There are 2 protein chains.
Amino acid sequence: MKNQVKYLTDVLEAKGYRLTIARQVIAETLVDSGSHCSADELVDLVHKSAPGIGRMTVYRTLELFCHLGLARPIYQGTGAAHYVLMERGHHHHLVCSACGRFIEFDDCVLEKITEELISERFNFAVEGHLLELFGRCQQCQEQYNSSERL
Amino acid sequence: MKNQVKYLTDVLEAKGYRLTIARQVIAETLVDSGSHCSADELVDLVHKSAPGIGRMTVYRTLELFCHLGLARPIYQGTGAAHYVLMERGHHHHLVCSACGRFIEFDDCVLEKITEELISERFNFAVEGHLLELFGRCQQCQEQYNSSERL
DNA sequence: CTCTGTGCAAAGGATTTGCACTACG
DNA sequence: CGTAGTGCAAATCCTTTGCACAGAG
């Protein structure tokens, strides 16, 4: 987890971006949050350890992370976008279509093969991927039928 | 492609939603667009064939499609969310991190296996997935080095 | 006929500028 | 020291309500 933060800051420096207090705090907070939260939640969390850091800085840092392939915005259809960290370029999670719960997992063997195939077929230099699986989590399979209306 | 539209409208009816002109036009337009556009673009496209259909109806229909697992919003980090159709619950594309170009593809063999593994391990009823691969498309590999700044 | 779906306009949020100030390297 | 990064507030843009009307079944 500490390593994860170091990786983020190392990439920043390697690309010639300045390693500021704000960016460090934001990186730490994002990792601590479980690598998954909205910009707004992140602003609140950051304020707990460093009240001086502005909302804008959080937005801009997230944008920077995305630009560098370190994070990715995902949109849940309502409200604000969420940001997920892409550890070593990868992120996987399950999204429950009933309760919206996220279940993070880290299993990359099959996707590796996919990447190689794609890389060849489309002449596309794959740098990472996001795999989202949609369905019903255990609780929601028990609680609901599949027919609740919008 | 025609089948794709029929599938969408069939699901609507099967779930007890009314099959209105507006929904039909929106489904057709979304499929014609290549199953991938922003709400705003879709409003404009829909207006070309049916000027009477309001912006709200497009938003609400997209929300409905997402609720039914027929579409998925994706967020590119700037501006409006894009919506992609999930054909038979699946969608795959490549995103170029330099030019933002999308390359759609349809290759599902490996993911099938992944779904089964996940399903067992997490007791999660997988209904579909979205796989996004990030990297450089052919043109961008030729044109840029990997170090352009934000 | 009844209830779901639609359209409009206004409200509500999230995200993005513009610009002076701060601080990393 | 110079430039990249920051913070604030105002502006912008996307998306969502509220409510009366229209149309599908």
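The basis for the numbers below is simple: all heavy atoms, side chains too, and nothing from hydrogens, waters or symmetry mates. Below, chain A is the first sequence line, B the second, and so on; all start at residue 1. What you see is a predicted model, and the numbers here were worked out from it, not measured in a lab.
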Task: Nearest-angstrom distance from the residue atom CZ of A:Arg55 to C1' of D:dC8 - done: 12 Å
TODO: From the options C:dG7, D:dT15, D:dG25, select the nucleotide whose nearest atom is closest to the side chain of B:Ala80.
DONE: D:dT15
Open item on the list: Please identify which of these residues, A:Val46, A:Asp44, A:Val43, meets the side chain to side chain contact (heavy atoms under 4.5 Å, CB included) condition with A:Arg55.
Closed with: A:Val43
TODO: Mark yes when over 12 heavy atoms from residues, nucleotides or ligands other than B:Leu19 sit less than 6.0 Å from its CG; otherwise mark no.
DONE: yes
TODO: Would you indicate which nucleotide in C:dC8, C:dG25, C:dT4 comes nearest to any side-chain atom of B:Met56?
DONE: C:dC8
- [ ] Assess the side chains of A:Glu104 and A:His91: does a donor N or O sit below 3.5 Å from an acceptor N or O?
- [x] yes
Open item on the list: Using whole Å, what does the distance between atom P of nucleotide C:dG13 and atom CD of A:Glu41 come to?
Closed with: 16 Å
Task: Which residue lies more 5' along DNA chain D, comparing B:Tyr59 with A:Thr61 via nearest heavy atoms - done: A:Thr61
Task: Nucleotide nearest B:Thr20 (side chain, heavy atoms from C-beta), chosen from C:dG5, C:dT15, D:dC8 - done: C:dG5
- [ ] Decide yes or no, distance alone: a donor-acceptor N/O pair under 3.5 angstrom between the base of C:dT6 and the side-chain of B:Arg60.
- [x] no
TODO: Inspect the surroundings of CD in B:Glu13 and state if more than 12 heavy atoms from other residues, nucleotides or ligands are less than 6.0 Å away.
DONE: yes
Task: Nearest-angstrom distance from the residue atom OH of A:Tyr17 to P of D:dG5 - done: 7 Å
Task: Nucleotide nearest B:Tyr75 when distance is taken to its side chain, options D:dT17, D:dA4, C:dT15 - done: C:dT15
Open item on the list: Checking contacts here: which listed nucleotide (C:dT16, C:dG7, D:dT15) is nearest the side-chain heavy atoms of B:Ala39?
Closed with: D:dT15
TODO: Quickly work out the B:Leu12 CG to D:dA24 C1' distance and round it to whole Å.
DONE: 13 Å
- [ ] Would you confirm whether the ring centroid of B:His36 sits within less than 6.0 angstrom of the ring centroid of B:Phe102?
- [x] yes
Open item on the list: From C-beta outward on B:Arg18, which listed nucleotide comes closest to its side chain: D:dG7, D:dA4, D:dA24?
Closed with: D:dA24
- [ ] Write down the distance between CG (A:Leu42) and P (C:dA14), rounded to a whole number of angstrom.
- [x] 14 Å
Task: Rounded distance (Å) that lies between atom P of D:dT16 and atom CD of B:Glu63 - done: 6 Å
Open item on the list: I want to check one thing: is the phosphate of C:dG5, taken as OP1 and OP2, less than 4.0 Å away from some side-chain N or O of B:Arg23?
Closed with: yes
- [ ] Provide, to the nearest angstrom, the distance between the NE2 atom belonging to A:His47 and the P atom belonging to D:dG7.
- [x] 8 Å
TODO: Nearest whole angstrom, please: distance from the P of D:dG5 to the CG of A:Leu62.
DONE: 15 Å
